[in-house]
Amino acid sequence: MKDWLCAFCCLRLGCIDYPKHEKQPLVNNNNHVQNYSVVHDDERNLWSSPHDLSHTEAVDDRMLNSWIQTRRQLEKDSEEWQKLNYEIYTLRQARREVRTRWRRILEDLGFQKEAESLLSVTKQSTISNPKNMKKAMELLLRLADDTTIFPAGWDLPERYLYIMDRLICLDAVEDFFNIANRRYPKSHEETGSKMIK
């Protein structure tokens, strides 16, 4: 009893520190943090090939991933860090602009509430019907050839195949094309076929 009272008294007065393991929570559940960071990473980088977890299949994904990894190793605000940060920002911004163009067209089609979910492509995304893959690819190539929805010189990101598949299922492809042609017309000099990553 004397030892217990002495230990209790000394702990209360600060003479003895609590053991470090006693300050730790009994249950450590950080799963929600990991899930958020994966979703946040997907939304922030808008990977061209969402199923490629190594980010090495698509050239621009490989480049972006390499820049991010290199930047992490550099001293923040150094000249090299700032150059890489600018390159990363520029590529992310271009990807966001393309996504914004798609969202605007979807909203014009009446999908104001559903636009974000239609544009959301993650590593868990699947094609609704394998038969749609060929049609989705053809339609995406046609969209790239007939409009400026994608910047000049871009290879087509695989993620937009999934979105095109969703438009096929919603029977909204032709309406999407009509709006895309009006909003983002391509001049005759700009026409040319692209490759899908």
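Keep in mind it's a predicted model, so treat the numbers as computed, not measured.
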Considering all heavy atoms, the nearest [X]-[Y] contact:
X	Y	answer
L141	L156	CD2-CD1, 3.7 Å
R166	L118	NH1-O, 2.6 Å
S120	S125	O-OG, 4.1 Å
R159	V121	NH2-O, 3.2 Å
L119	R103	CD1-CB, 3.5 Å
I168	K135	CD1-CG, 4.0 Å

Which value, rounded to the nearest 0.5 Å, describes the distance between [X] atom [atom1] and [Y] atom [atom2]?
X	Y	atom1	atom2	answer
I105	T147	CD1	OG1	7.0 Å
W67	T90	CH2	OG1	8.0 Å
K83	T70	NZ	OG1	14.0 Å
T148	R101	OG1	CZ	5.5 Å
D165	N129	CG	CG	7.5 Å
L91	R96	CG	CZ	9.5 Å

Does D171, at its CG atom, have more than 12 non-hydrogen atoms belonging to other residues, nucleotides or ligands within less than 6.0 Å?
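Count not over threshold, so no.
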Counting neighbours of CD on E79 that are heavy atoms of other residues, nucleotides or ligands and sit closer than 6.0 Å, is the number greater than 12?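 Incorrect, the count does not exceed 12.
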Please examine the side chains of [Y] and [X], heavy atoms only from C-beta on, and report whether any two atoms are closer than 4.5 Å.
X	Y	result
D146	F177	no
M137	L161	yes
I149	F176	yes
D175	L167	no

Return the set of residues passing side chain to side chain donor-acceptor pair (under 3.5 Å) with R183 (not counting sequence neighbours), or none when no residue passes.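 For R183 the side chain to side chain donor-acceptor pair (under 3.5 Å) partners, ignoring immediate neighbours, are D108.
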key: Donor-acceptor contact present, side-chain E107 to main-chain Q112, <3.5 Å   =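 Pair absent, no side-chain N/O of E107 close to backbone of Q112.
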Pairing of R95 and D61 as salt bridge, 4.0 angstrom limit |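 Judged by the 4.0 Å cut-off on N to carboxylate O distance, R95 and D61 do form a salt bridge.
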ILVMFWY network linking Y86 to W81, side-chain heavy atoms under 4.5 angstrom |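 In one cluster: no.
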For this session: Could you tell me how the ring of Y160 sits relative to the ring of F150: parallel (under 30°), tilted (30 to 60°) or perpendicular (over 60°)?
Result: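 Plane angle over 60°, so perpendicular.
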- [ ] Before giving the answer on side-chain contact (heavy atoms from CB on, under 4.5 Å), spell out for L143 and M164 the whole-Å C-alpha distance, their side-chain angles and the decisive distance to 0.1 Å.
- [x] CA-CA 10 Å; L143 184 67; M164 195 57 71; 3.9 Å; yes
Inset, instruction - For E174, enumerate each residue passing the salt bridge (Lys or Arg N to Asp or Glu O under 4.0 Å) test, keeping only those at least two apart in sequence or located in another chain. - result: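 In terms of salt bridge (Lys or Arg N to Asp or Glu O under 4.0 Å), with neighbours along the sequence ignored, E174 is linked to R142.
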- Item | Name of the residue among R71, K76, E80 meeting side-chain hydrogen bond (donor to acceptor under 3.5 Å, both in side chains) with N85 |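 By the side-chain hydrogen bond (donor to acceptor under 3.5 Å, both in side chains) criterion, N85 pairs with just one of R71, K76, E80: R71.
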